[in-house]
Each structure stands twice: as C-alpha cells, then as structure tokens.
J.: 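Mind looking over this structure? Questions follow.
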Amino acid sequence: MSLIDSLLGAMSGASGNGQNAAPNPLLQIALSMLANSGAGSAAGGANAGLGGLGGALQGGLGGLGGAQQGGLGGLGGLGGLINAFQRNGMGDHMQSWIGSGQNMPISPDQLQQVLGQGTLGQIAQQLGLSPQQSASGLSEILPQLIDRLTPNGQAPQGDLGSIADIMARLGQPR
C-alpha cells in the first residue's frame, strides 16, 4: 500500500480499530494546495483558485487555519502549482506526476524552492513542524497525490475544485 493510500484510508476512518482516525494534517495541507480556495466546484478555471492554500485553510481543515486569515496566500489550485513548478525550473517533475510514466522524486530543498521559504514556513507553523519536516512530508505526498488525480496523464480542465471535490475524485468520502 502506498503512502497516499494509507493516508486516505485514515481520512476515511479505515484505521482498522473501528474508530475514526484523525485526518493527517499534512495530507490536508497537500489537498488544500490543489483545491480552489475551498470553493464547491471547479468552474471558473485557474483564477477561481487564487485563494488556494490560504482559502482552504480558512475553510476549516480541522482548525489548522482558523486564525490564519488568508495568510498563506493563494497558490491557485493545481494550475497555480503547475505554474509555480514551471517558474522555478521544476516543470519536468510536475509533468512526470501528471503524465502516465514514472514519477520523478522531488527533494525537500527543491520543493522549498518551488513553494518559497515564506509559504513553507507558514505551513510548518500551522503543522507545528519545522520547514524541513514539512517539505519532506509534502515531497512524499504531492507526487503520489497529483499522480492519482491525473489518471489520464493530463491536468483536468478548470482545475480540481474544492477539497470535497478532490476527495470524491480519489473515491473517498469527505
């Protein structure tokens, strides 16, 4: 079972002991990075996702961002993340995750280059981790998550929608 499968299983309450497992905060952050500002649909394209990470955190990720009023800035959903990877010389990594071939690994340092020290620092603060720990976890989760969300080897038109929309794409209730 892959890391993403075990994390998604935990989010759906399949913890094996009959009790709902606490959602993994790092997975929630990764989902929020791909979501369109916590909105309910993918309509509206990349511009609808400008709230991206900050908006999804405001939208109630288990209290991770309730006090954070848009402080993480918008990554712009999957489309914005793709652009950030391209701008920072990591477009080939992102394309390997979207495409149908093998996923290229990304190091925590490379991910920090893409996301920026400020964004990664704010993610780390929300999670109570160091920026390096946050980057390390996200560098494992994002390739698998994006690969699972792009099964046809192409980024979907109009982005991925809300976290609930993304969970539905992954076949998990939210």
Side-chain angles (χ1 to χ4, degrees), residues 2-12 23-62 64-65 68 70-88 90-106 111 114-116 119-120 122-123 126-127 134-135 137-174:
S2 72
L3 172 65
I4 199 70
D5 288 329
S6 61
L7 291 173
L8 289 169
M11 282 189 80
S12 67
N24 181 293
L26 195 56
L27 179 58
Q28 290 181 328
I29 292 288
L31 290 170
S32 70
M33 292 170 73
L34 299 171
N36 293 342
S37 58
S41 84
N47 289 339
L50 293 177
L53 186 54
L57 285 173
Q58 289 179 50
L61 290 177
L64 285 175
Q68 189 87 355
L72 291 178
L75 292 178
L78 178 59
L81 200 55
I82 291 169
N83 289 335
F85 270 75
Q86 290 171 342
R87 279 191 314 271
N88 289 285
M90 300 289 163
D92 55 340
H93 286 73
M94 177 63 75
Q95 190 53 50
S96 77
W97 306 343
I98 293 171
S100 56
Q102 186 164 337
N103 292 338
M104 291 177 67
I106 188 163
L111 189 59
V114 172
L115 297 179
T119 298
L120 200 52
Q122 290 179 8
I123 290 169
Q126 291 293 321
L127 295 173
S134 298
L138 287 171
S139 70
E140 292 181 38
I141 292 172
L142 278 176
Q144 293 180 51
L145 189 57
I146 292 170
D147 184 60
R148 289 270 303 264
L149 291 167
T150 56
N152 298 323
Q154 295 180 15
Q157 294 276 336
D159 249 330
L160 296 171
S162 70
I163 291 175
D165 295 335
I166 293 170
M167 292 301 291
R169 284 178 185 255
L170 294 169
Q172 300 292 321
R174 176 75 176 128

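All heavy atoms count here, side chains included; hydrogens, waters and symmetry mates do not. Note that the structure is predicted; figures quoted are calculated from it, not measured.
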J.: On a heavy-atom basis, which atom in Leu138 and which in Ala30 lie closest, and how many Å separate them?
T.: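 Heavy-atom minimum between the residues: CD2-CB, 4.0 Å.
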
J.: Test His93 against every option in Val114, Ile106, Leu111, Leu142 by the side chain to side chain contact (heavy atoms under 4.5 Å, CB included) rule and name the one that passes.
T.: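 Checked Val114, Ile106, Leu111, Leu142 against His93; only one passes side chain to side chain contact (heavy atoms under 4.5 Å, CB included): Ile106.
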
J.: How would you list, by chain and number, every residue that makes a side chain to side chain contact (heavy atoms under 4.5 Å, CB included) with Thr150, sequence neighbours excluded?
T.: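 Applying side chain to side chain contact (heavy atoms under 4.5 Å, CB included) to Thr150 gives Leu78, Ile98, Ile146, Pro156.
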
J.: Kindly compute the distance separating CD (Gln28) from CE (Met33), expressed to the nearest 0.5 Å.
T.: 14.0 Å

J.: Side-chain contact test, heavy atoms from C-beta onward, threshold under 4.5 Å: evaluate it for Leu115 versus Asn88 and give yes or no.
T.: no

J.: CZ/Phe85 to CE/Met90 distance, rounded to the nearest 0.5 angstrom?
T.: 8.0 Å

J.: Between Leu170 and Leu145, does the side chain to side chain contact (heavy atoms under 4.5 Å, CB included) criterion hold? Intermediate values first, please.
T.: CA-CA 9 Å; Leu170 294 169; Leu145 189 57; 3.7 Å; yes

J.: Is the backbone N or O of Gln144 less than 3.5 Å from a side-chain atom of Trp97, with the two atoms forming a donor-acceptor pair by type?
T.: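 Not at all, since once roles are kept as given, no pair shorter than 3.5 Å links the two residues.
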
J.: So how far is it from Gln157 CD to Gln154 CD, rounded to the nearest 0.5 Å?
T.: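 So the CD of Gln157 and the CD of Gln154 are separated by 8.5 Å.
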
J.: Asp159 and Gly76: which non-hydrogen atoms are nearest, and at how many Å?
T.: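 What the structure gives for the nearest pair is OD2-O, 3.3 Å.
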
J.: How many angstroms lie between atom CD1 of Ile166 and atom CG of Asn36, to the nearest 0.5 angstrom?
T.: 7.5 Å

J.: Please report the interatomic distance CD1(Ile29) to CD(Gln122), rounded to the nearest 0.5 Å.
T.: 10.5 Å

J.: So, for Leu27 and Asn24, which heavy atoms are closest and what is the spacing to 0.1 Å?
T.: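 Smallest heavy-atom distance, with atoms named: N-OD1, 2.9 Å.
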
J.: Do you know the tightest heavy-atom contact between Ala35 and Ser162?
T.: CB-C, 4.0 Å

J.: Can you see which heavy atom on Ile82 is nearest to which on Ala155, and at what distance?
T.: CD1-CB, 3.9 Å

J.: So does Pro143 get a backbone contact from the side chain of Asp147, meaning a donor-acceptor N/O pair under 3.5 Å?
T.: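 Checked: no pair found.
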
J.: To check you understand the geometry: which heavy-atom pair defines the closest contact between Gly161 and Asp165, and what is its length?
T.: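 Closest heavy-atom pair between Gly161 and Asp165: CA-OD2, 3.4 Å.
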
J.: Using modelled atom types and a 3.5 Å cut-off, is there a donor and acceptor pairing between side-chain atoms of Ser100 and backbone atoms of Gly153?
T.: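 Looks like no, no N/O pair under 3.5 Å.
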
J.: Say you draw a straight line from CZ of Arg169 to CZ of Arg148; how long is it, rounded to the nearest 0.5 Å?
T.: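 Atom-to-atom, Arg169:CZ and Arg148:CZ are 13.5 Å apart.
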
